[in-house]
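Computed from a predicted structure; not experimentally measured. In what follows, chains carry the letters A, B, and so on, assigned in the order in which the sequence lines appear, proteins first and then strands, with residues in each chain numbered from 1.
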Amino acid sequence: MAMKGKNCVAIAADTRFGIQAQTVSTKFQKIFELGPRLYIGLAGLATDVQTVSERLKFRVNLYELRENRRVKPKTLLSVVSNLLYERRFGPYFVEPVIAGLDDVTSEPFVASLDLIGCPMVTEDFVVSGTCSEQMYGMCESVWSPDLDPDQLFEAISQALLNAADRDAVSGWGAVVHIIEKDKVTTRTLKARMD
Amino acid sequence: MECLIGIRGKDFVLMAGDSVAGRSVVAMKKDHDKMYQLSNRLLMAACGEGGDTVQFAEYIAKNIQLYRMRNGYDLSTKAAASFTRRNLADYLRSSTPYFVNLLIGGYDDSDGADLYYMDYLGSMVKLPFGVHGYGSFFVLSVMDRYYKEDMTRDEALVLLQRCIDEIHERFIINLNSFKVKIVDKEGIHVMKDLRPTTKPPEETPGTQSMDIV
């Protein structure tokens, strides 16, 4: 999930890699850095999470080489949308969320997409995954506009942890990135490992 | 019905695979080796669809060797695993997907010993210990209990023996022999085959054999 704050954004994910009921790894990376203040989180089929992140990094690298500047969050949204829609009839089973600060204006940005690339930009938060309903409930309760970075960290952590605890196949560890104008803080949460 | 086990130790990776090659209900070969050498210090264990395992393993092994020939040095474990993952993921959505589950264990001078777990869809994860097959349901909990970081070779072999005993105890399919190999700085070493330790049957008091007169 990703949330907007006052001049900051946060993105968080659990770290479980499982095959149906069996948990294979508790350190699976689902959030990828595509720029100093731009992150994408991918929920869904593990192989497609890895393939889409690799293909996306390739496209972003080419973009930055051609344009000679960093990609803006809104543009990244379109790049991901295009990547996913190219496979309209044989899609990648992923539901991305994007969180970042515009590198010129430092304006916060969050967005999400569905598996065939339908973009959705929101003013508050975005969620994706097996426990999306639970996450919607938690986010709606804990979020309020203009949270500062520390309050935003508390809000997103509580939202993720409690939503994941109500889903049998989510959890087993969590990681949160707080993206501010001058730094990014990454913290691993102490989560229920069950 | 196959089982692959990989355990990462201090500066080595211990890999084991059952040695039964079967088709349907028949065990055709009892001393089959499912581990393929990709390079001097890279070992891949593969299980899954019959022909796919050998074809895919040999394809990857030859490509790793080609890299070495072209560039003069070996691929790192991480790079070889990523290359393998890319191939599996690309073939997945083609008309000829490979149905193979892999464990790749290797040693580099820069990262030390590494173990990568890959399933047939191409999801890859670096693990301290990994198991494929039905055996995983029995063995992962044993590993969670007894595994510790930086084990010595002997400790890892004891842990592996525990796992094999557990499989023998509770898995319905008889996997009574495992091929074992260790990858470390010096290369790939073939160890003795491991079998489940058999306890002598206990005498139940009060029963006597009766001769029919």
At a heavy-atom separation under 4.5 Å, does B/Met118 approach chain A through its side chain, its backbone, both, or neither?
neither

For A/Val24, which atoms come within 4.5 Å of any heavy atom of chain B: side chain, backbone, both, or neither?
both

Please report the shortest heavy-atom distance between A/Ile116 and A/Pro91, naming the atom on each side.
CG2-CB, 4.0 Å

Considering the options A/Ile19, A/Thr47, A/Asp48, A/Thr51, which one meets the side-chain contact (heavy atoms from CB on, under 4.5 Å) requirement together with B/Ser123?
A/Thr47

From the list A/Lys27, A/Glu54, A/Arg87, the residue making the most non-hydrogen contacts under 4.5 Å with chain B is A/Glu54

Part of B/Phe137 within contact of chain A (heavy atom distance under 4.5 Å):
both

Looking at B/Glu155 and B/Lys148, is there a salt bridge between them, counting it only when a charged N and a carboxylate O are closer than 4.0 Å?
yes

If one checks every heavy atom of B/Leu121 against chain A at 4.5 Å, the contacting part turns out to be both

Please verify the inter-ring angle class for B/Phe56 with B/Tyr98; under 30° counts as parallel, over 60° as perpendicular, anything in between as tilted.
tilted

Taking the six-membered ring of A/Phe153, is NZ or CZ of A/Arg187 closer than 6.0 Å to its centre and within 45° of its axis?
yes

Is B/Ser82 in contact with chain A via its backbone, its side chain, both, or neither, using a 4.5 Å heavy-atom distance?
neither

A side-chain contact here means heavy atoms from C-beta on lying under 4.5 Å apart; do B/Asn40 and B/Ile188 qualify?
no

Is A/Gln50 close to chain B through its backbone or its side chain, or both, or neither, when contacts mean heavy atoms under 4.5 Å?
both

